[in-house]
Amino acid sequence: MGPLGAAVVTEPIAAPDDLGLDPDRTERLTWSREMRRCEANVSYLAAEYLRVKSKSTIGFPTLRWNPVQQRIHEAVEAQRRRLGKIRQVWGKTRQVGSTTYWRARSFHQTAFQNHRNAFFANYDEPNSYEVFDIDKTFFEHLPRPLKPSMASGTMAKGRMIFRGRNSKCVVGHARNLNVGASQMHHFVHLTEVARWEYASEIQASLFPSISDATDRTGQNFSTVVIEGTSRYGGWWFKEFAEAAQRGDMPDWEFHFVPAWLHGDYAVPLPRGFTLTAEEKDQHRRLGVPLGHLAWRRLRRREYRANPAFFGQEYPLSWEESWVLPAGTLRVFDDAVIEYLEPAVHPGRRASATSTGFVYELGGRIEVWHEPAPGVFYDMGVDVSAGRTPDAAWTVAVVVRRDTLEQVAQYRAQIDPTAPELLDAMYWLGMNYNVAQINVDITGGWGLALQSELQRRSYPTLWRWRRRDDARERVSTRQGFVYSRQDKAALITNAAGLVARHQVVIHSETLLDELRTFFNIGVDEWAPMAGAHDDVVNAWMLALLAARDERDEWIRPPTQEVVVEPPPAHAVHDVEAELMPPDRGFVVQPWGFR
């Protein structure tokens with residue numbers, strides 16, 4: 001049996017009559033030989049028996065490595081021969097076949113090898129299952145003699161169990177923070193990791209479960225691959241890849257697939273084609289083929305509605321794939337910052353208790369205004385898994401509902417299930433006249449707090465509203481989840497209130513985060529590299545809760561109209577009476593805020 005990926009030389013099968021064998025036995029011997037070849041050589045298995053839907057042709061061909069997949073395969077085999085295991089990070093362009101290649105290797109390791117556990121995860125559940133359909137397609141279209149036996153019901157939406165091999169593949173997703181931690185894995189494939197919101201937490205949970213098996217002969221070795229397209233905000237993926245690139249992790253290799261390496265991303269040069277100054281630089285500095293440069297011109301036109309993403313989807317180099325897109329905008333510009341900045345000043349440090357605030361040095365709550373009798377308050381809470389100095393922050397921001405002024409802020413790196421945190425949030429809300437609390441429960445970190453508030457019968461928890469309903473009907477669902485639609489509503493609400501000068505903030509940390517909060521493309525938002533958005537998120541959650549409960553029309557303070565008598569010997573101005581009245585001096589019974 002040859003090493004994995006190496007060519008296997010076999011003798012031709014003689015005719016049945018020459019060997020004195022019956023046709024059935026000859027067929028069994030033929031398929032037995034094919035099984036051995038498939039077990040030994042993933043390239044042979046893919047080229048002969050693994051069928052995929054082709055992007056470039058209509059049909060259902062077998063999987064023959066394209067130039068990108070061949071480059072990946074050569075790098076994988078070289079590392080396996082050198083280290084006896086595979087540990088690789090791949091930055092890539094969109095739709096080059098990288099994920100398909102790794103699904104083929106995973107299928108080979110489980111369907112054609114014994115005693116293997118494989119694990120695959122994408123950034124969310126629907127996309128994980130969609131990619132896993134590749135594996136199911138591989139299995140369903142294998143010739144019957146090559147199909148591994150499966151127990152009834154073992155091919156489900158999220159798993160394939162090959163009973164005859166004692167091997168299986170399980171699928172997870174990055175929204176589950178304990179994904180993959182329940183069993184040991186020999187093959188791990190993580191894709192689109194730049195989109196993973198909790199990548200560092202998943203690393204801590206998943207990596208200890210990975211096998212460290214090594215074998216330079218090509219049989220019993222472990223594999224871990226992390227791949228993805230660059231995406232602004234995916235800093236864990238960037239930092240992990242560059243650590244491998246620098247050699248900080250000796251077992252890990254970093255590779256990058258530029259867009260021009262994929263043969264499908266090229267067109268014949270049109271008549272009269274000439275290079276721009278930028279294209280000349282790319283051709284000279286990076287060696288980009290002319291056919292790809294012509295393809296980029298055509299493809300870029302399809303991104304007119306969202307040009308910011310073209311450079312990240314089809315990068316020419318790793319460094320350029322992380323450049324802030326030209327279409328990226330600050331959500332809160334300099335004019336907004338100048339309007340908000342004069343009110344920023346330190347508050348008093350305190351802790352919240354059942355008897356009120358206790359002011360003390362080192363208190364985690366910063367108080368600018370104590371609760372006023374008869375006033376409603378709203379509180380947003382952004383919960384993170386902050387157990388270490390490098391972790392994200394858990395933040396709560398309290399605003400006064402009628403004026404939208406920030407009155408208090410909690411900020412700490414703390415376990416989301418810590419009793420100290422649960423008590424602090426409960427008493428902070430209670431002290432502010434039983435403030436309405438809007439907890440971010442995306443990813444599960446806020447569920448402990450939400451459940452504890454419900455257990456304590458906290459009376460005013462924010463409830464989700466249908467933003468696409470004419471009446472914005474209120475649901476029984478409590479807690480905020482960052483869906484694309486609701487996140488857009490959250491941010492546009494805050495941006496609109498700020499643009500109309502209807503908010504007041506006092507936190508310097510909040511002001512700093514507003515400076516570095518970006519709108520990327522159409523519906524993506526993220527902080528600048530190295531910056532945070534925990535306080536911004538909590539503040540926006542409080543503003544959304546206030547907006548949902550706050551009357552749109554607020555009666556202004558009672559104004560006394562004083563009519564001054566005309567001065568003595570006044571001259572009657574006839575022309576003035578013919579002018580339309582100045583509406584600014586008309587006292588309206590209601591004012592819009």
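Worth knowing before you read on, the calculation uses all heavy atoms, side chains too, and leaves out hydrogens, waters and symmetry mates.
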Is a side-chain N or O of [X] found less than 3.5 angstrom from the main chain of [Y], in a donor-acceptor match?
X: His532; Y: Asp534; result: no
X: Ser384; Y: Trp393; result: yes
X: Gln478; Y: Trp464; result: no
X: Asp533; Y: Val536; result: no
X: Ser106; Y: Trp102; result: no
X: His369; Y: Val407; result: no
X: Trp368; Y: His345; result: yes
X: Ser211; Y: Ser222; result: no

Do [Y] and [X] meet the salt-bridge criterion of a basic N to acidic O distance under 4.0 Å?
X: Arg463; Y: Glu549; value: no
X: Arg401; Y: Asp548; value: no
X: Asp440; Y: Lys487; value: no
X: Lys92; Y: Glu192; value: yes

Quiz item: Is the distance between the ring centroids of Phe480 and Tyr482 less than 6.0 Å?
Solution: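 Yes: the rings meet the under 6.0 Å criterion.
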
Quiz item: Does the ring centre of Phe332 sit less than 6.0 Å away from the ring centre of Tyr339?
Solution: no

Could you check if a side-chain atom of [X] sits within less than 4.5 angstrom of a side-chain atom of [Y], using non-hydrogen atoms only?
X: Asn117; Y: Gln183; answer: yes
X: His189; Y: Thr99; answer: yes
X: Thr394; Y: Arg411; answer: no

Practice problem: Describe, in one word, how the ring planes of Trp235 and Trp322 are oriented to each other, choosing from parallel (under 30°), tilted (30 to 60°) and perpendicular (over 60°). | Solution: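 It falls in the tilted class, 30° to 60°.
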
Practice problem: Carefully, step by step, assess Leu190 and Phe119 under the rule side-chain contact (heavy atoms from CB on, under 4.5 Å). | Solution: CA-CA 8 Å; Leu190 310 178; Phe119 177 75; 4.1 Å; yes

Practice problem: I would like to know whether Thr100 and Ile134 meet side-chain contact (heavy atoms from CB on, under 4.5 Å); could you show each step before the answer? | Solution: CA-CA 7 Å; Thr100 303; Ile134 297 174; 4.1 Å; yes

Quiz item: Is it true that atom CD of Glu508 has more than 12 heavy atoms of other residues, nucleotides or ligands lying nearer than 6.0 Å?
Solution: no

Quiz prompt | Which residues share a side chain to side chain donor-acceptor pair (under 3.5 Å) with Thr223, sequence neighbours left out | solution =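 Once residues adjacent in sequence are excluded, Thr223 has no partner under the side chain to side chain donor-acceptor pair (under 3.5 Å) criterion.
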
Practice problem: Sort and list the pairs that fulfil side chain to side chain donor-acceptor pair (under 3.5 Å) and have at least one residue in residues 249-258, not counting sequence neighbours. | Solution: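 Qualifying pairs, neighbours excluded: Arg82-Glu253, Lys85-Asp251, Gln88-Glu253, Glu253-His255.
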
